[in-house]
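Protein chains get the first letters and strands the later ones, always in sequence-line order, with residue 1 at the start of each.
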Number of protein chains: 2
Amino acid sequence: MRIGELSARTGASRRSLRYYEQQGLPVSARSPRGQRCYGDDHVQRVALIQIFLAAGVSSRNLARMVPCMTEPNMDRARQALTVMNQERTRLSFTIDSLAAAREALDHLIDVNRTFLASVEDDVPSDR
Amino acid sequence: MRIGELSARTGASRRSLRYYEQQGLPVSARSPRGQRCYGDDHVQRVALIQIFLAAGVSSRNLARMVPCMTEPNMDRARQALTVMNQERTRLSFTIDSLAAAREALDHLIDVNRTFLASVEDDVPSDR
DNA sequence: CTAAACGCTCACATCAATGTCAAGGGCAAG
DNA sequence: CTTGCCCTTGACATTGATGTGAGCGTTTAG
């Protein structure tokens, strides 16, 4: 399939797909007269890329991980493993931070709700 | 205290503190001849801002939440509550996404590790 | 064959938070 | 008063993923 279809199937814009490729993500298989040509397997690979990009993995690091997903290779595998572990640590840290933020938010929401309730009850309580 | 000290206490750069204020975050209390002047309570408020900014809350939305933390007010409280709930939803969604990404990553790590182990065992198994 | 629809590259724009630099004002100690 | 440090505003730079548009080739349907 060509880029338009892959874009439709993955939800990634054509622009993004070209960008991924430009960043070294092996999402391409250039063909006939310069047009990008993809197979069904690329759909899943792009999905994975989207997941990790959304998770804050830089395309730079992703480029060191993705090749490994497709074509195992001793040298790269070791490097990839290192990056993956780093990213895992970063991810865990981020998740914890977000959870903490959510707790703080819950507290604020609670305070706010209580405040609003007290104000609204003021009139009734005046009866 | 002035901006330098607040910066030192919170870890936020002077630039950031001015930026927060510019974005409508009530992190200021302009004084004598134009210099920003803060109280101890500002330290905690900035800390909260940092937490939420790091959690991906836009300064725009933060501006609708923060005033409420400091000075309860019916009108703003309702608006803030709406924003807070939206942000909470977004946060939860993000956390789930990151957790999913981490699982995907764990899988990749496992595959990679297995691959490496198999390759390394190849020589010993050849004996 | 022609037009529509799609693809290619290049380049500039965007957003958000922050860095950085410039030109100047405020204030304390010598 | 001067030196030094902190402050002010304003403007331009950066980073990363993506949008957008121009100018030009390709493929496909009529």
> Please give, in whole Å, the distance from C/dA16 P to B/Ile49 CD1?
Replying inline: 17 Å
> Between D/dG19, C/dT18, D/dT18, which nucleotide has the shortest distance from any of its atoms to the side chain of A/Tyr19?
Replying inline: D/dT18
> Got a donor-acceptor contact below 3.5 angstrom from the A/Ser16 side chain to the A/Ala12 backbone?
Replying inline: no
>> For A/Glu5, is the CD atom crowded, meaning more than 12 foreign heavy atoms sit under 6.0 Å from it?
In response: yes
> Any side-chain N or O of B/Ser16 less than 4.0 Å from the OP1 or OP2 oxygen of C/dA17?
Replying inline: no
>> Heavy-atom nearest nucleotide on DNA chain D for A/Arg2 versus A/Gln23: which residue maps closer to 5'?
In response: A/Gln23
> A/Leu25 CG to D/dG16 P: how many Å, rounded?
Replying inline: 14 Å
> Given atom CZ of B/Arg60 and atom P of C/dC15, what is their separation to the nearest angstrom?
Replying inline: 13 Å
>> Let's go through B/Arg30 and B/Gln35 carefully: what are the C-alpha distance in whole Å and the side-chain angles of both, what is the deciding distance for side-chain contact (heavy atoms from CB on, under 4.5 Å) to 0.1 Å, and is it a yes or a no?
In response: CA-CA 6 Å; B/Arg30 222 47 94 77; B/Gln35 302 201 166; over 6 Å; no
> When you check the phosphate oxygens OP1 and OP2 of D/dG16, does a side-chain N or O of A/Ser59 lie under 4.0 Å from one of them?
Replying inline: no
>> Quick one: does any side-chain atom of A/Asn85 pair with a main-chain N or O of A/Leu81 as donor and acceptor, under 3.5 Å?
In response: yes
>> Does atom CD (A/Gln79) have a neighbourhood of more than 12 heavy atoms from anything else shown, all under 6.0 Å?
In response: yes
> With respect to the phosphate group of C/dG19, does any side-chain polar atom (N or O) of B/Ser13 fall under 4.0 Å of OP1 or OP2?
Replying inline: yes
>> From CG of B/Leu62 over to C1' of C/dA17, roughly how many Å is that when rounded to an integer?
In response: 13 Å
> Rounded to whole angstroms, how far apart are CD on B/Gln50 and P on C/dT18?
Replying inline: 8 Å
>> So, does B/Tyr20 get its side chain near the phosphate of C/dA17, meaning an N or O under 4.0 Å from OP1 or OP2?
In response: no
Nucleotides 8-10 of chain D: which of its N/O atoms have a protein N/O under 3.5 Å away?
{"residue": "D/dT8", "atom": "OP1", "partner": "B/Arg36", "partner atom": "N", "Å": "2.9"}
{"residue": "D/dT8", "atom": "OP1", "partner": "B/Arg36", "partner atom": "NH1", "Å": "2.6"}
{"residue": "D/dT8", "atom": "OP2", "partner": "B/Arg18", "partner atom": "NE", "Å": "2.9"}
{"residue": "D/dT8", "atom": "OP2", "partner": "B/Arg18", "partner atom": "NH2", "Å": "2.9"}
{"residue": "D/dT8", "atom": "OP2", "partner": "B/Arg36", "partner atom": "NH1", "Å": "3.4"}
{"residue": "D/dT8", "atom": "O5'", "partner": "B/Arg36", "partner atom": "NH1", "Å": "3.3"}
{"residue": "D/dT9", "atom": "OP1", "partner": "B/Arg30", "partner atom": "NH1", "Å": "3.2"}
{"residue": "D/dT9", "atom": "OP1", "partner": "B/Arg30", "partner atom": "NH2", "Å": "3.1"}
{"residue": "D/dT9", "atom": "OP2", "partner": "B/Arg36", "partner atom": "NH1", "Å": "3.0"}
{"residue": "D/dT9", "atom": "OP2", "partner": "B/Arg36", "partner atom": "NH2", "Å": "2.7"}

>> What is the separation between atom CG on B/Leu17 and atom P on C/dG19, rounded to the nearest whole Å?
In response: 10 Å
>> Please tell me whether B/Phe93 and A/Phe52 are part of a single hydrophobic cluster in this structure, the criterion being side-chain heavy atoms less than 4.5 Å apart.
In response: no
> What is the distance from CD of A/Glu5 to P of C/dA5, rounded to the nearest Å?
Replying inline: 18 Å
> Does the A/Ser92 side chain pair with the main chain of A/Arg88, one donor and one acceptor, at a distance under 3.5 Å?
Replying inline: yes
> Rounded to whole angstrom units, what separation is found between the CD atom of B/Gln22 and the P atom of D/dA11?
Replying inline: 11 Å
